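Quick notes on the structure that follows.
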Amino acid sequence: MPNFLKGFNICGGKKVNDKLEQSLLNIDKESFQNDLIDWFEAEQRNLPWRENKDPYRVWVSEIMLQQTRVDTVIPYFNRFIEWFPTLDDFAEADEEKILKAWEGLGYYSRVRNLHSAVKEVKETYNSVVPDSPEEISKLKGVGPYTAGAILSIAYGKPEPAVDGNVMRVLSRILVIDEDIAKPKTRKTFEKAVRALISHENPSAFNQALMELGALICTPGKPACLLCPVQKHCQAFAAGIQTELPVKIQKKKTRDVPIVAAVLKNERDEFLIHKRSSEGLLANLWEFPNYEMHTSIQPKRAFFEASFLESYRTDVKLSDSFTMLDHVFSHLVWKIDAYRGSLLTDIEESVMKEQNLKWVSKEELEQYAFPVSHQKIWKSYQQTYVMD
DNA sequence: CAAACGTGGCT
DNA sequence: TAGCCAAGTTT
């Protein structure tokens, strides 16, 4: 236990509940709700998903905002609503288009789950997003946070919507020192929100908690002097607001060497491959590439051998045109990219079975690529000036 | 439960 | 620079 928190622990072991109850007793609930909601009504940002309470729009925005910054989401949200104005429009869209709508946003299972869930709502609920915790939580991609967010924001239900902001804000206000990286900790904060939430305006209350976390009660240097609920904050009173929340360190990423190639045929078309429907970057398109398991052999030869084994076709790589690192949350691709061409055609059956496709430079733009492969393409074009 | 799952901005 | 962070869910 960190030294600065000794005084707040009733006993070293459990009693987390007792501590929370004690902290909650110190809050003047009515006054806290008013201060928080009044501030939100006055200071909230104008964001596209706040134009109305259409449950579909709220839903889309909440999925996009998972682990993603507001500034990043805004243009994606606007384009998404242009492409798919209603729930039915999105339900009827094809997979290629929905991935293209998400291209560059990351965590692509979000959009596949959203698509599946929206189709479920169209079929099972007559295109009306359900308003009960039980039903909405069954939808793919709708976890505890998103369920609470939709229910409170779109339907005015007093349900907790505990995200990273809420945990940070409440960990300070109530001096909760549980590790927020641990899954079970969320339950403590849900309990706290249930005790504090305004039943008169659950939507504003939940959003205010998150808005406060985004604008005032920030991770690094919280602007406590501007905080509308400073007088309710038990961490500020003790001068320990920058020590909270408690969060254990994340594991480091591991390096994965990748050999990739941009292969062009005599018709100026490029070979692309659709990734597996499971795992990393599922269903996105990419340039042919292989993970180097052994760092012994030459990369070029490794690619040529792997390609022959995969597609029963000889390929010849020429020059390496770029080396780049691409950082994911859990690993780093060390990409070495080559230019190359085929010595013979790939059999039609193999093209189909292995999800390969020849596409022109223009057609390339219709397919969704991960950012790492967009970087490869950009570098290729810059190196071999295309007309 | 721990780990997988993206990306870009900030310090 | 290398690490941390941002409106989490699934397995």
Side-chain angles (χ1 to χ4, degrees), chain A residues 40 44-45 47-50 57-77 99 102-114 116-117 136-150 152-154 160-169 179-187 189-190 193 203 206-215 217-222 245 247-256 275-284 286 325-333 368-375:
Chain A
F40 178 69
Q44 65 168 298
R45 292 166 290 181
L47 299 171
W49 46 90
R50 287 179 175 162
R57 291 170 54 110
V58 172
W59 186 4
V60 170
S61 73
E62 291 302 340
I63 299 297
M64 282 190 174
L65 286 162
Q66 289 169 7
Q67 302 289 284
T68 311
R69 287 188 157 71
V70 165
D71 288 344
T72 302
V73 167
I74 290 173
Y76 280 92
F77 178 82
L99 284 172
W102 216 265
E103 184 184 43
L105 251 192
Y107 289 140
Y108 299 94
S109 67
R110 289 184 293 175
V111 74
R112 291 184 296 115
N113 288 153
L114 180 62
S116 162
I136 203 168
S137 296
K138 285 181 191 157
L139 299 171
K140 279 181 195 154
V142 179
Y145 164 75
T146 306
I150 297 173
S152 61
I153 297 171
V162 175
D163 71 341
N165 285 128
V166 172
M167 290 198 280
R168 182 173 59 258
V169 169
D179 178 2
I180 66 167
K182 293 218 180 307
K184 80 178 281 196
T185 302
R186 197 197 68 250
K187 300 185 197 307
F189 288 93
E190 286 177 344
V193 172
S203 169
N206 278 344
Q207 291 187 78
L209 239 29
M210 293 187 274
E211 196 81 342
L212 189 67
L215 301 180
C217 196
T218 52
K221 301 180 172 81
K247 190 177 185 180
I248 56 118
Q249 226 189 317
K250 275 182 283 187
K251 279 181 53 182
K252 279 172 51 177
T253 59
R254 67 174 219 279
D255 289 357
V256 176
R275 294 177 61 88
S276 151
S277 60
E278 291 177 0
L280 186 64
L281 306 168
N283 289 350
L284 295 201
E286 66 184 3
D325 292 355
H326 187 78
V327 181
F328 294 88
S329 43
H330 56 307
L331 52 84
V332 180
W333 275 355
F369 286 80
V371 169
S372 48
H373 284 255
Q374 292 174 30
K375 289 181 189 169

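In this text the structure is predicted, and so the values were computed from the model without any measurement.
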What contact category does [X] fall into here, base, sugar-phosphate, or nothing, at under 4.0 angstrom with non-hydrogen atoms?
X       : result
R168(A) : sugar-phosphate
W49(A)  : base
S61(A)  : nothing
R50(A)  : base
V70(A)  : base
L47(A)  : base

Taking the P atom of each, how far is dT9(C) from dG8(B), in whole Å?
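One P to the other, the span is 22 Å.
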Using atom P of each nucleotide, how far apart are dA2(C) and dC5(B) to the nearest Å?
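Going atom to atom, P in each nucleotide, I get 24 Å.
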Heavy atoms, side chains only, cut-off 4.5 Å: are [X] and [Y] in contact?
X       : Y       : result
D163(A) : M210(A) : yes
T253(A) : F328(A) : no
V142(A) : E62(A)  : no

Report the nucleotide, chosen from dA2(B), dG8(C), dC5(C), that has the shortest atom-to-atom distance to any side-chain atom of K182(A).
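The nucleotide sitting nearest to the side chain is dA2(B).
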When you get a sec, tell me which of dT9(C), dC1(B), dC5(C) is the closest nucleotide to the side chain of K184(A)?
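Closest nucleotide among those given: dC1(B).
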What is the distance, to the nearest angstrom, from the CG atom on L139(A) to the C1' atom on dT10(C)?
15 Å
Identify, between E62(A) and G141(A), the residue whose nearest nucleotide on DNA chain C lies closer to the 5' end.
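Mapping each residue to its closest nucleotide by heavy atoms, the 5'-most match is E62(A).
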By nearest-heavy-atom nucleotide on DNA chain C, the more 5' of G143(A) and T218(A) is T218(A)
Whether the Y145(A) and Q66(A) side chains hold a donor-acceptor pair (N or O, under 3.5 Å, no angle test) is what I'd like checked.
no
Base-contact (B) and sugar-phosphate-only (S) positions in nucleotides 4-11 of chain B, heavy-atom cut-off under 4.0 Å, - elsewhere:
SBBBB---
Among I153(A), I74(A), V60(A), find the one that has a side chain to side chain contact (heavy atoms under 4.5 Å, CB included) with W49(A).
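Option passing the side chain to side chain contact (heavy atoms under 4.5 Å, CB included) with W49(A): I74(A).
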Give me, pair by pair, the N or O atoms of the protein and of nucleotides 1-4 of chain C that are less than 3.5 Å apart, along with how far apart they are.
| residue | atom | partner | partner atom | Å |
| --- | --- | --- | --- | --- |
| dC4(C) | OP1 | Q249(A) | NE2 | 2.8 |

If you measure from CH2 on W59(A) to CE on M64(A), what distance do you get to the nearest 0.5 Å?
13.0 Å
Which of parallel (below 30°), tilted (30 to 60°) and perpendicular (above 60°) describes W333(A) and H373(A)?
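W333(A) vs H373(A) ring planes: perpendicular.
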